[in-house]
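Step one of this worksheet: look at the structure below.
Read the numbers this way: they start at 1 and go in the same order the structure lists the ligands and their atoms. For the numbers below, each heavy atom of this structure counts, side chains included, while hydrogens, waters and symmetry mates do not. A quick note: this is a predicted structure, and the numbers were derived from the prediction, not measured.
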Amino acid sequence: MTVMGRPATAGIGDDREGADTDVDVSWHAVDASEALVRLGTGEGGLGGREAAVRLARHGPNRLTPPARRGPLARFLAQFNNILILVLVAAAIVSAALGEVVDAAVIVGVVVINALIGFIQEGKAEQALNAIRDMLSLNATVIRDGERATIPAEDLVPGDLVLLCSGDKVPADLRLIAVRNLQIQESALTGESVPVVKSIEPVAADSSLGDRTPSAFSGTLVTVGQGTGLVIGTGDGTEIGRISTLIAGVETLTTPLLAQMATFGRWLTFGILALAALAFAVGVWLRSFAVTEMFMAAVGIAVAAIPEGLPAVMTITMAIGVTRMARRNAIIRRLPAVETLGAVSVICSDKTGTLTRNELTVRDVMTADGAYEVDGTGYEPVGSFKVSGAVTNPTDDPVLMDLARAALLCNDAAILKQDGLNQDGGWRLEGDPTDGALVTLALKAGLDRGTENHAAPRLDVIPFESDHKFMATLHGGADGARRFLVKGAPERVIEMSALERRGNGDAPIDAAEWHRRIETMATRGQRVLAIAERAATPDQSTLGFEDVTSGLILLGLVGLIDPPRQEAIEAVRDCAAAGIQVKMITGDHALTAGAIGSAFGLGGGPVLTGRDLDRLDDGEFREAALATDIFARTTPEHKLRLVEALQSTGATIAMTGDGVNDAPALKRADVGIAMGNKGTEAAKEAAAMVLADDNFASIARAVAEGRTVYDNLRKTVLFLLPTNAAQALIILVAIVAGTALPITPVQILWVNMISAVTLGLALAFEPGERDIMRRPPRPPREGILTGYMVWRILFVMVLLMVPAFGLFLWLEASGAPLEQARTVAVNSLVVGEIFYLWNARAIMNPVISADGILGSRPVLISIALCLVLQLAFTYLPPMQRLFGTAAIDADDWAILAGFGLATFLVVEAEKAVASRIRRRGIERRLRKA
Ligand code: ATP
C-alpha cells in the first residue's frame, strides 16, 4: 500500500486551533502529509470533541435539497389539466349565458378537486421523502484512534475516511493512502471509465478528472482501498457546487401511470368529441335550447372523463411503497412496485439472505487432527474437543498456527458490549465470516493486541468474491516476514505446495484435503482453508503473485450458518405463488446443496460456475431454467443467468451485494441490494433495497406488489363504470328527447365524491387471501384485460338502469323534476356504495375477503359519502346550489333494494366468470 510519510502532528483528539478548515485550498496540489498538518488531523483521526466543534461550525455533510415548488405553485399546477380547463371554459360560458349558480358550482367543484389533488400529491411526495431518508449513507472513519461507522452527515473537514470497493465516497477527500484504488466519477465528470487514484500531488489548475489524489463526494469506488482526509462537506463539495443532487428515489411516475395518463388523454379527446356530437344532435335533431344543450354536453364530458383516476392511482402506488418500506423493502425505482407483482423467478444469494449470517466455527481440521468447537454466536467462550473429549488447543502447535493466521488475516472485530444481547453481550464489527474466525482464535486463548504487536500487518489483499481469498503480509520480531492467506479451500489448496504437520511440513495430499472439505460441506458448513508462507525480510508490499503458489496449508475451518426460519416459509410461499426460487452462491456446491435442501430446493443437481462455463448458450438457458442451486459462482455468472432466464420470458428479481453484482442488478427486472451487507455500488444499481437482508422481505414485497396492481385494477374497475353510467344516462336522455335525469352540476358532485371518498378507499385494500396462491401476472398483460372491459360495461348498465328507470317512473307519477333527479343521483351513489363492496375483490366472492364488513378505509369512506349525500339531499343551501329536493324514507328503501340487487348480481357474475375461467385454464392444461 502506498502510504504518505507519517505526519508530524500530534495525536488523537487534539483540538487544534487554526486548522485550515475554512480556507479554500487546492488540496490536490498539496502534499498528503502537509494536508494532514494543515487540517489538524493526527494519526488516530480527529478526536470526538474536535469533530463536534467542527460539525457545529461547518454544519452537517448534506446537500441542500433543491428548492421545492411553493404550495401556491403546486396548487396552481393542478389546473394544468385538460379536464379542469374544459370545466373552467364551461363555467365562463355558463356565466355568460346567465347561469350564475351553475357557473359558481362548477368553479367551486373545480377548486375542491384541485385542493384534493394537491393534498394527495403532497401525501405521495411525503411518502417518498420518508423513504429517501431511509437510504441514508454511512461512512467508516478513524476517530479517537478507533475505526467507527458513523452517518455520513456527521463527517467534518479533517476526518479520516476509509474507502473500499463498492463504497460511495461520502465527502470530498484528499487521499492519503491508496491501494489499487479506482473510482468511477461519472456522477461528476460524465466519464464512465474509472480513474486510477494516487496520493501524489498534481497541478493546482488540474481539471476534476485529472485530480488523482482527490476522491469526490457521490462517486463510487470500483476497485481497491484507500484512506482519505475530508476536505469538503455538504454544499462545499464539488457535487454540491454544481448542485446536481442525485436523488435516491425518482419522482412519482411509473410506466403504468404514464400509460394510464396517455390513455386518459385520448379518452378525454374522445369524450369531448362525443359531447360535441351530442350537442349537435340535441340542437338540430331534437331541437333542445342551445343553453340547455351546452350544459348537457358539458355534463357528458364531466360525467365520462375519469378525472379522479390519475390521482387515485398515484396515491395507490405511494401507499404500496410505504407499506413495502414498513416491511423492510425500500423501493428506489418506482416501476419496481409494478414489476414486483409480475416476478416469476427470484434469484437469491445464500449467506445472510436465506441464512442468518451469524457464523460460528464448528469444525477445524489440520493434517493430523479433527477438532469440534463448541459455543454459540460471537461470544469467545467454548472448548475444543477431539472425539467428544475436551482438549487443550495449545497442545497442538499446528492448530495454534492456524488460529493465529485466522486472527491476523482478518478485518473484523468482536467487541464486548455493555448490557446483554443474544450474543452474550458481544458485537461484531465487520464481516461475519471473519468475525467467526476471530472468535475461534479467542477461544484458542489468543489475544488480538499481543498478536498484532508481535506481527504487525504491512499490506493486504482484501477478500473479493472474484478471487475468493484474503491475504496479508506481516512483519515479525526478528525481521522475519510472513504471508497469511485464508479463502475458499479449493482455491487455497491450488495455491499450496506443502501441508503443515506436527512433525514438520510435508508435500500436500490434495486428494485427502478434498475429502475433508466434502465431509464438512456435506454438513452444510461454509469451509475456509488457511495457509501461510515465509516472505523475504525486504518484502514490504503484497501482490497476487506472492501468494498464488508455494503456500503451506495449515488446515480447514467449517462454519455453520443456520437457515432463517422465516425464509424457509417464504420460499414455500413463493412456490405456491408460482415463483421459482434459485439460490446463487459463492459457496461450495455441497454446502449449497445441504443448505438448499433445508429450503426444499435442489431437486436436480447443483451446478457450479465451472459447470456453467462449459455450456453453450442453448445448454446454458436450459440449465438456468432447470437448476435450483448454483454454487461457486462469480458475479459474471449472475449476469449471464439473468440474461438467459429473461430470454425465456421470465421476469427476474435478483439479489446482490458486491460492487461486481451491479451489472446483474441493473439487468434484472427487479435488482435487489442488501441494506446491511450490501455495498453502496450495489444499492445504487438496485431498484429495491432490503433493510434487513432477509429473503422473507422479498416474498412480502412481491405480495405487496401484487396487491398494488390488484388495487389499481380495482380502482379502475370501480371508477370507470360509474363514469360511463352517468355519461350514458345523459346520452340516452338526449337521444330519447327526455329531460336530463341528472344535471351537469349534479354529475360534478357525484364524480367528486365518488373519486375522493369511495374510489380512494380501494387504495388501502389489503391483499386478497389468495394473493400468493395465484401464478404471477403475465408481464405484458395491460391493466385493462378483455374481461375487465366486459365487467365495466356490465356494471355500467347495472348502475344506469335503476337511476334512469326510477327517474322516468317518478316523472310519470307526477313527482317534481327536482325530486326525480335527486332520486336518480342517490340511486347512482347508493349503487356505487354497494358496488364498492364487490370491487374489493376482483374475481373472488367478497364473502371470502378478509372482514366481510370491509376494511376501515372502506367503512369511513362510505360513512363520509352517506353524510355528504344526506347534506346534498336535505340541506337547503345545497338544494339551492344543486337543484335537489328532499326525498322520502320509502325512496331510500327502494334505493337500498336496488343497491343490494346490484351487489348480488355482480357477485353472481363473478362466480360464473370464475368458473368459466377455471374451466378454460383446465382445458389449456389438459391440452398442454
Ligand atoms: P452468497 O452471499 O452469494 O450466498 P457467499 O457469500 O457464500 O455467497 P462469497 O462471499 O463469494 O460467497 O464466498 C465464497 C467463498 O469464499 C466462501 O465459501 C469462503 O470459502 C470464502 N470466503 C468467504 N468470506 C471470506 C473472507 N472474509 N475471507 C476469506 N475467504 C472468504
Side-chain angles (χ1 to χ4, degrees), residues 164-166 346-359 361 405-413 428 430-438 440 460-472 484-495 513 517 520-521 524-531 547 555-561 563-564 567 581-596 599 601 606 608-609 629-638 641 654-661 664-665 672-674 676-679 682 690 693-695:
C164 69
S165 71
I346 303 177
C347 297
S348 173
D349 286 348
K350 171 177 70 66
T351 311
T353 315
L354 291 167
T355 65
R356 303 221 305 240
N357 213 16
E358 289 161 8
L359 289 120
V361 176
L407 181 65
L408 290 170
C409 183
N410 197 311
D411 276 333
L428 163 75
D431 174 56
T433 303
D434 277 4
L437 294 177
V438 174
L440 173 78
V460 59
I461 298 175
F463 173 77
E464 299 267 358
S465 293
D466 283 318
H467 54 254
K468 292 194 167 51
F469 67 83
M470 168 177 180
T472 46
L484 300 178
V485 178
K486 74 178 201 310
E490 306 96 294
R491 184 87 176 95
V492 177
I493 289 171
E494 258 171 31
M495 292 149 62
W513 285 108
I517 295 169
M520 293 166 113
Q525 294 179 354
R526 151 174 281 217
V527 187
L528 266 78
I530 299 178
V547 288
L556 303 174
V557 287
L559 303 91
I560 51 158
D561 182 12
R564 292 179 187 265
V581 176
K582 295 182 187 289
M583 179 201 281
I584 305 183
T585 171
D587 245 336
H588 193 281
L590 289 171
T591 311
I595 301 275
F599 289 88
L601 299 175
V606 176
T608 64
I629 302 179
F630 301 90
R632 285 290 187 241
T633 53
T634 61
E636 290 75 59
H637 291 120
K638 284 190 172 179
L641 279 170
M654 163 73 86
T655 66
D657 47 22
V659 59
N660 300 331
D661 288 335
L665 291 178
I672 303 172
M674 299 300 141
N676 294 326
K677 70 168 189 161
T679 57
L690 286 186
D693 295 12
N694 191 339
F695 182 86

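- In terms of modelled atom types and a separation under 3.5 Å, the side chain of Asp434 and the main chain of Asp411 share a donor-acceptor contact.
- At the top of the distance list for atom 17 (C) of ligand 1, counting protein heavy atoms only, stands Asp587 OD1, 3.4 Å.
- In terms of protein heavy atoms, atom 4 (O) of ligand 1 is closest to Lys350 N, 2.7 Å.
- For atom 31 (C) of ligand 1, the nearest non-hydrogen atom of the protein is Phe463 CE1, 3.1 Å.
- From the protein, the heavy atom lying nearest to atom 15 (C) of ligand 1 is Arg632 NH1, 3.7 Å.
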Exercise for the section: Begin with the C-alpha distance, continue with both residues' side-chain angles, and end with the deciding distance and a verdict on side chain to side chain contact (heavy atoms under 4.5 Å, CB included) for Ile346 and Phe695. Expected result: CA-CA 10 Å; Ile346 303 177; Phe695 182 86; 3.8 Å; yes
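- The Ile584 neighbourhood of ligand 1 comprises atoms 3 (O), with distances under 4.0 Å to a heavy atom of that residue.
- Only side-chain heavy atoms of Asp431 come within less than 4.0 Å of ligand 1; its backbone N, CA, C and O stay farther off.
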Exercise for the section: List the steps, then state whether side chain to side chain contact (heavy atoms under 4.5 Å, CB included) holds for Ile595 with Asp587. Expected result: CA-CA 10 Å; Ile595 301 275; Asp587 245 336; over 6 Å; no
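- Remark: ligand 1 and His588 share no N or O pair separated by less than 3.5 Å (distance only, no angle test).
- The ligand atoms of ligand 1 that sit less than 4.0 angstrom from a heavy atom of Asp434 are 26 (C), 27 (N), 28 (N).
- When the side chain to side chain contact (heavy atoms under 4.5 Å, CB included) test is applied to Ala529, the partners found at least two apart in sequence or on another chain are Pro489, Val492, Leu553, Leu556.
- Heavy-atom separations between Leu354 and ligand 1 are all 4.0 Å or longer.
- Residues forming a salt bridge (charged side-chain N to carboxylate O under 4.0 Å, His left out) with Asp693 (at least two apart in sequence, or on another chain): none.
- When only non-hydrogen protein atoms are considered, atom 20 (O) of ligand 1 lies nearest to Val527 O, 2.9 Å.
- The side-chain heavy atoms of Lys638 and Asp349, taken from C-beta on, include a pair separated by under 4.5 Å.
- By heavy-atom distance, the residue among Arg526, Glu464, Lys486 lying nearest atom 6 (O) of ligand 1 is Arg526.
- At distances below 3.5 Å, not a single donor-acceptor pair connects side-chain atoms of Arg564 with backbone N or O atoms of Leu354.
- In summary, Lys350 and Asp561 do not engage in a salt bridge, as defined by a charged side-chain N under 4.0 Å from a carboxylate O.
- Note on ring orientation: taking the six-membered ring where Trp is involved, the planes of Phe463 and His467 are perpendicular (angle over 60°, cut-offs 30° and 60°).
- For a threshold of 3.5 Å applied to N or O pairs, the pair formed by Lys638 and ligand 1 contains no separation below that value.
- Remark: Thr591 OG1 to Ile560 CD1 distance equals 12.5 Å, nearest 0.5 Å.
- Panel note: side chain His588, backbone Gly593; no donor-acceptor pair is recorded below 3.5 Å.
- Nearest non-hydrogen protein atom to atom 19 (C) of ligand 1 is Leu528 CD1, 3.6 Å.
- With respect to atom 14 (C) of ligand 1, the closest heavy atom belonging to the protein is Gly586 O, 3.3 Å.
- Judged by the shortest distance from any of its heavy atoms, Lys677 lies inside the 4.0 Å radius around the atoms of ligand 1.
- Considering backbone and side-chain N/O atoms, Pro489 never comes within less than 3.5 Å of an N/O atom of ligand 1.
- Contact annotation for Asp349 and ligand 1: heavy atoms of both the backbone and the side chain come within less than 4.0 Å of the ligand.
- Ser465 OG, 3.0 Å is the protein heavy atom nearest to atom 11 (O) of ligand 1.
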